[in-house]
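Accompanying notes for the structure given below.
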Amino acid sequence: MLTDPRLATRTRHMQSNAIREILKVVSKPGMISLAGGIPAPESFPTERMDEIFGTVMAKYGAQALQYDATEGFEPLRVALSDYLAQQSVQASAEEILIFSGSQSVLDTVAKMVISPGDIIVTEEPTYLGALSAFAPYEPRYRTVSTDEEGMIPEALEEVLKTEAVKLIYLTPTFQNPTGYTLSLARRRAIGQLLQTYNCLLLEDDPYSALRYRGHALPPVWSFAPEQVIYSSTLSKVFAPGLRIGFCVAPEWLRPWLVVAKQGVDLHTSTLNQALAVEYLTGGHLPEQLATIIELYRPRQEALLQALTQHFPQDFIWSRPEGGMFVWVIGPEGLDAEAVYWSSVEKGTAFVPGKYFFAQPETGLSTMRLNFTMVDESTLDHAVQVIAEAIQEATAETA
């Protein structure tokens, strides 16, 4: 994209989110989309919202419609303190900051800690939205290899030994795009590395509540709280349209995050925060989360079964215990973007994996598949369509 001279020079490093552009392509009627990381509408507590809204207005009245503190609506910060304690994050209400979605946390942290040329370490692959948030601040990236147990600590240490790393970005549980989960041993090891090298980690944790099998793991934050910014959201367990994100940051950084937010939006919607308070304290979350998991678990199982049944034997894929994604790796030489366009012509979409790599021309044979938005039979059909597109693509290059 050519930069207009009337724009700031930082726009040279900004571009449209590729997945958002893909979603425009696949939004036409009849398209089956395994592309977006979007919660199913059936997962929203629509039947509870009249009750929740009524309780909020009765309890808070005009206060819920008024300006409020930049740090966040105090009753929500208190409720989140209790909620986070269940996730092994022991934080007082004063230590919690509310943002307009966790995407805003990524941008605000980068704004406050990244100068042009600073090094950010990410997993390879990593969340595309994080790359979009970081890009305007002109970082340099160093990527660290991952496997089925997440980021490899030894590979991370090799970078920390030789580079002045300003920030590490990590999604340790049901990572986007791979679905990989960082093992307990590696969480401890990375926590130790953070302390040894006095490095700052941004731990992005939007998916850990969506667990279908296995046992919950403590966040990396619990092993190095002074070196970790823990960030999460209610988008996957309540409603993404309310844009409720939050973080727990080291004491030295919190005031700067507040200053940055004051310059952007003053504060997150008071009404939306009040709705979140009632959702958390009114006993709605446990029952709704059980509904969400019972909705998504069979969909994930259907996708994994369909991949086993329909995909060529030289493909491999992740088998997450939760989350929203399955990561597929094809043989070297496969052009997953060509497969994407062929699949779209047949009425099915996914995301080519190359968009999740900080380095260009990487991950060309990979793809991310989402399973939350369509039912089991449709997932089976969609995988068959993608498999046909793969056969066509490989036949053309044979």
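One is the number of the first residue; the rest follow in order along the sequence.
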Taking it one step at a time, do Leu80 and Leu280 satisfy side-chain contact (heavy atoms from CB on, under 4.5 Å)? CA-CA 8 Å; Leu80 284 171; Leu280 291 174; 3.8 Å; yes
Can you name the nearest heavy-atom pair linking Phe44 to Pro39, along with the distance? CE2-CB, 3.9 Å
Would you say the rings of Tyr207 and Phe325 are close, in the sense that their centroids are separated by under 6.0 Å? yes
Could you go through Thr268 and Ser100, starting from their C-alpha distance and side-chain angles, then the distance that decides it, and tell me whether this counts as side-chain hydrogen bond (donor to acceptor under 3.5 Å, both in side chains)? CA-CA 5 Å; Thr268 299; Ser100 300; 3.2 Å; yes
Should the heavy atoms of other residues, nucleotides or ligands under 6.0 Å from CD of Glu47 be counted, would the total exceed 12? yes
Steps toward ring pair (Phe, Tyr, Trp, His ring centres under 6.0 Å) verdict (Phe356, Tyr127): CA-CA 6 Å; Phe356 300 97; Tyr127 171 49; 7.9 Å; no
Can you confirm whether Ile386 sits close enough to Tyr340 that some side-chain heavy atom of one is under 4.5 Å from a side-chain heavy atom of the other? no
Could you walk me through whether Arg254 and Glu71 satisfy the salt bridge (charged side-chain N to carboxylate O under 4.0 Å, His left out) test, starting with their C-alpha distance in whole Å, then the side-chain angles of each, then the deciding distance to 0.1 Å, before giving a yes or no? CA-CA 9 Å; Arg254 284 199 302 273; Glu71 291 85 348; over 6 Å; no
Pairwise side-chain contact, Pro320 with Thr181, heavy-atom cut-off 4.5 Å (strictly under): no
Under a single-linkage definition using a 4.5 Å side-chain heavy-atom cutoff for Ile, Leu, Val, Met, Phe, Trp and Tyr, are Leu289 and Met49 assigned to the same hydrophobic cluster? yes
Note, Leu194 side chain near Ile168 side chain (heavy atom, < 4.5 Å): yes
Would Asp107 and Gln103 count as a side-chain hydrogen bond (donor to acceptor under 3.5 Å, both in side chains) if you check the C-alpha gap in whole Å, the side-chain angles of each, and the deciding distance to 0.1 Å? CA-CA 7 Å; Asp107 174 79; Gln103 187 71 21; over 6 Å; no
Taking Gly322's backbone N and O only, do any of them form a donor-acceptor pair with Arg213's side chain (distance below 3.5 Å, no angle check)? no
Check whether any side-chain N or O of His267 sits under 3.5 Å from a backbone N or O of Ala69 as a donor-acceptor pair, and report yes or no. no
Looking only at non-hydrogen atoms, find the nearest pair between Leu76 and Ile98 and report the distance. CD2-CD1, 4.0 Å
Thr233 side chain to Ile244 backbone, donor-acceptor under 3.5 Å: yes
Ion pair check, Glu154 and Lys161, cut-off under 4.0 Å: no
Distance-only, no hydrogens or angles: does the Ser104 side chain make a donor-acceptor pair with backbone N or O of Gly101 under 3.5 Å? no
Same cluster or not: Ile316 versus Val351, using hydrophobic residues (I, L, V, M, F, W, Y) connected whenever any side-chain heavy atoms lie under 4.5 Å apart? yes
Under the ring pair (Phe, Tyr, Trp, His ring centres under 6.0 Å) criterion, do Tyr60 and Phe73 qualify, and how do the steps go? CA-CA 11 Å; Tyr60 302 109; Phe73 189 52; 5.2 Å; yes
Find out if a path of hydrophobic residues (ILVMFWY) with successive side-chain heavy-atom gaps under 4.5 Å connects Leu200 to Leu202. yes
Would you mind reporting whether Tyr180 and Pro172 have side-chain heavy atoms less than 4.5 Å apart? no
Does the Glu203 side chain pair with the main chain of Trp221, one donor and one acceptor, at a distance under 3.5 Å? yes
Minimum side-chain heavy-atom gap Leu303-Leu369 below 4.5 Å: yes
Taken to the nearest 0.5 Å, the spacing of Tyr169 OH from Leu131 CG works out to 8.5 Å
CZ (Phe311) with more than 12 external heavy atoms under 6.0 Å: yes
Side chains of Thr122 and Val144: does their closest heavy-atom pair fall under 4.5 Å? no
Side chain to side chain, Glu94 and Glu74, heavy atoms closer than 4.5 Å: yes
Set of residues satisfying salt bridge (charged side-chain N to carboxylate O under 4.0 Å, His left out) with respect to Arg319, sequence neighbours excluded: none
Looking only at non-hydrogen atoms, find the nearest pair between Cys199 and Leu160 and report the distance. SG-CD2, 4.1 Å
Taking all non-hydrogen atoms of both residues into account, name the closest pair between Phe174 and Ser208 and its distance. CE1-O, 3.9 Å
Does Tyr296 form a side-chain hydrogen bond (donor to acceptor under 3.5 Å, both in side chains) with Glu42? I'd like the steps, not just the answer. CA-CA 10 Å; Tyr296 291 165; Glu42 312 95 281; over 6 Å; no
So Arg48 and Glu51, salt bridge (charged side-chain N to carboxylate O under 4.0 Å, His left out) or not? Walk me through it. CA-CA 5 Å; Arg48 302 171 184 265; Glu51 176 188 348; over 6 Å; no
What I'd like to find out is whether the side chain of Glu251 reaches to under 4.5 Å of the side chain of Glu95, using heavy atoms alone. no
Verify side-chain contact (heavy atoms from CB on, under 4.5 Å) between Met373 and Ile38, making sure each step is shown before the conclusion. CA-CA 7 Å; Met373 282 290 288; Ile38 302 175; 4.0 Å; yes
Exercise: do Tyr355 and Glu337 side chains pair donor with acceptor under 3.5 Å: yes
Is there a path of hydrophobic side-chain contacts, each under 4.5 Å between heavy atoms, that joins Met367 and Leu364? no
Thr362 side-chain N/O to Ala358 backbone N/O, donor-acceptor pair under 3.5 Å: no
Check whether Thr270 reaches the backbone of Tyr67 with its side chain - one donor and one acceptor, N or O, closer than 3.5 Å. no
Are any side-chain N or O atoms of Ser81 and backbone N or O atoms of Arg77, one a donor and one an acceptor, separated by less than 3.5 Å? no
Using the rule that Ile, Leu, Val, Met, Phe, Trp and Tyr join whenever any side-chain heavy atoms are under 4.5 Å apart, tell me whether Phe315 and Val326 fall into a single cluster. yes
Please list all pairs passing the salt bridge (charged side-chain N to carboxylate O under 4.0 Å, His left out) test where one or both residues lie in residues 136-148, with sequence neighbours left out. Arg142-Glu163, Asp147-Arg186
With under 30° as parallel and over 60° as perpendicular, where do the rings of Phe238 and Tyr279 fit, or are they tilted in between? parallel
So does Val344 get a backbone contact from the side chain of Thr348, meaning a donor-acceptor N/O pair under 3.5 Å? no
Heavy atoms of other groups near Gln195 CD, more than 12 under 6.0 Å: yes
Shortest non-hydrogen contact from Ser33 toward Gly36: OG-N, 3.9 Å
Looking at Thr178, is its backbone amide N or carbonyl O close enough to the side chain of Ser318 to form a donor-acceptor pair, meaning the two atoms are under 3.5 Å apart? yes
Would you sort out whether Asp380 and Ser377 count as a side-chain hydrogen bond (donor to acceptor under 3.5 Å, both in side chains), showing the intermediate values? CA-CA 5 Å; Asp380 184 78; Ser377 62; over 6 Å; no
For Leu257 and Cys247, which heavy atoms make the closest approach, and how far apart are they? CD1-SG, 4.1 Å
